[in-house]
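See below for the structure under consideration.
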Amino acid sequence: MLERENGATWKECWHCRACVIDCPVSAIEIRYPLPIMMNTFPNHSKINSFVACGIVLAGMVSNISLPFKAVAIPIMGLFEQYSGVTMTFLEYLLYVTSYQVVLFILFPLIGRYILRIDFSVFTAAQIEKKKMDNRQKAGMISLLVMFLGFVLTSMDVPLFPELGLGGVGLLIVIFMLMYQVEGKPVLNMGEVAAKFDWGLFLMMAFIDFVGRPEVGLVATVKMFLSGPLTALSPVVLVVIAIFATVIVSNGLNNWPVVIIFVSILGVVVETVSGINTAAAILAIAVAGYLAFATPAANPGSAIVYGYQDLIKPSTHIKVAAIISMVLAAVTAFIYYPLLSMII
C-alpha cells in the first residue's frame, strides 16, 4: 500500500518476512518487539500460549518477589503468626525472592525440554528500551533508598531495627508525598488509592477475625480434619497442600486459597509431628501464585483467553497446566526440602 508522508513515498511493511526469505544474500533482517511475536506467528498456537504464560507468570511472581510488595507483607505476617518466628527483610530475600529468580530460570527450560518449543522463532525478537521521565526516576531512587533502609532493619545498625519495616517505609512514603518533581509529588495518593487492592486489605482483616479462638472456626476445622489428615505422613501432607493450592487457585482468588491451606496446616501440625511449619507456609504461599491455567486464575489469564484469534483455548490450558504442575513439583520436592534444612 503506497502512501505519501512529508513528500516521501513509501510502502507499508506487513512484517511478513517475505523479503528476508527472498533475499539471495541474506542481507535483510527484521526484528520484532517480543509482545508482537504472538501476532507475528498466529499459526504457532503452542508458542503463543507459551509467551502468554510467561507474561502472566511474570506478573504473578512479581506480586510476592520483594518484601515490600502488597502481597509479600501479609505473607511475612502469616509466617510470623503460624510459625512464631519473625522474618527479617534479608531472610525474605533469601527464602522467597531467590526462589522467584529460580522460577524465571526454569520457565524457558520447561518450554525447551518439556513442551518442545522451537525457540528459533524468537531470534527476531527485540526488547524496546524506553527512557524514564524525571518523576519515574525520582520514584525509582526513593524505592532504592527504601530498599536499603529495609535491609538495614535486618542488621545491627542503630535506630533501624527499632524503626522496623513499617517505620522506614512510612518515612520514605512521607518524603515521596512531600517532594515534588515537575510540579507533582513523586507519590500521588489519589492514584495509589485507586490502584490499591482493598480486597486484600479486607481479607486480611477478615482472616484476623476468624482466626481468633473465641470465634471457634479453628476448633471446628480441627475437629473435622484431625482424623483423615493426621493419618498421612508429614511429607505427603505438605505435598498435597502445595498441589492443592495450585489447583484450587485456578478457580479462586490466590490469597484466600493460601490463607485457607496455611490455616489447615496450622491445625494439623498440632497433632502431626515432622512438618517444618515455617518452610511449609512459604512453599504454600509461593504455590498460590503459580496458577494461570484458567481465565479465573488471575486477571492476566482472563485477558489472555480473550485473544482467541492468537491462542487456542484447549492448547493454552494444556500448556499452562503443564507449566503450573512442573513448577508445583519443583516447589514441593525441591524448594520445601531445601527450606526445611535452612529454616
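Predicted model, so just to flag it, every value in this text is computed and none were measured.
The shortest distance between side-chain heavy atoms of Ile64 and Tyr92 falls below 4.5 Å. Two residues are said to be in side-chain contact when any heavy atoms from C-beta on lie closer than 4.5 Å; Glu80 and Val85 fail this criterion. Considering only heavy atoms from C-beta on, Ile242 stays 4.5 Å or farther from Tyr335 through its side chain. Counting heavy atoms from C-beta on, the side chains of Phe243 and Met325 come closer than 4.5 Å. Considering only heavy atoms from C-beta on, Val186 stays 4.5 Å or farther from Gln180 through its side chain. Between Thr88 and Thr153 the shortest side-chain heavy-atom distance does not fall below 4.5 Å.
With rounding to the nearest 0.5 Å, the separation of CD1 in Ile323 from CG in Leu115 is 5.5 Å. A distance of 10.5 Å separates CE of Met87 from CG of Leu93, quoted to the nearest 0.5 Å. Separation of atoms NE2 (His316) and SG (Cys53) is listed at 4.0 Å; rounding is to 0.5 Å. Summarising the geometry, atom CG belonging to Leu143 is positioned 12.5 Å from atom CG belonging to Leu148; distances are rounded to the nearest 0.5 Å.
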Atom pairs and distances, side-chain donor-acceptor, residues 327-334, under 3.5 Å, sequence neighbours left out:
residue, atom, partner, partner atom, Å
Thr331, OG1, Tyr99, OH, 2.8
Thr331, OG1, Leu327, O, 2.8

Without placing hydrogens or testing angles, list every side-chain donor-acceptor pair under 3.5 Å for residues 336-343, not counting sequence neighbours.
residue, atom, partner, partner atom, Å
Tyr336, OH, Asn276, N, 3.3
Ser340, OG, Tyr336, O, 2.9

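No side-chain donor from either of Ser65 and Gln100 sits under 3.5 Å from a side-chain acceptor of the other.
Annotation: Tyr95 is not in aromatic contact with Phe79 [ring centroid separation under 6.0 Å not met].
Looking at every heavy atom in both residues, Ser324 comes nearest to Val246 through CB-CG1, 4.1 Å.
Between the side chain of Asn48 and the backbone N or O of Ile311 there is no donor-acceptor pair closer than 3.5 Å.
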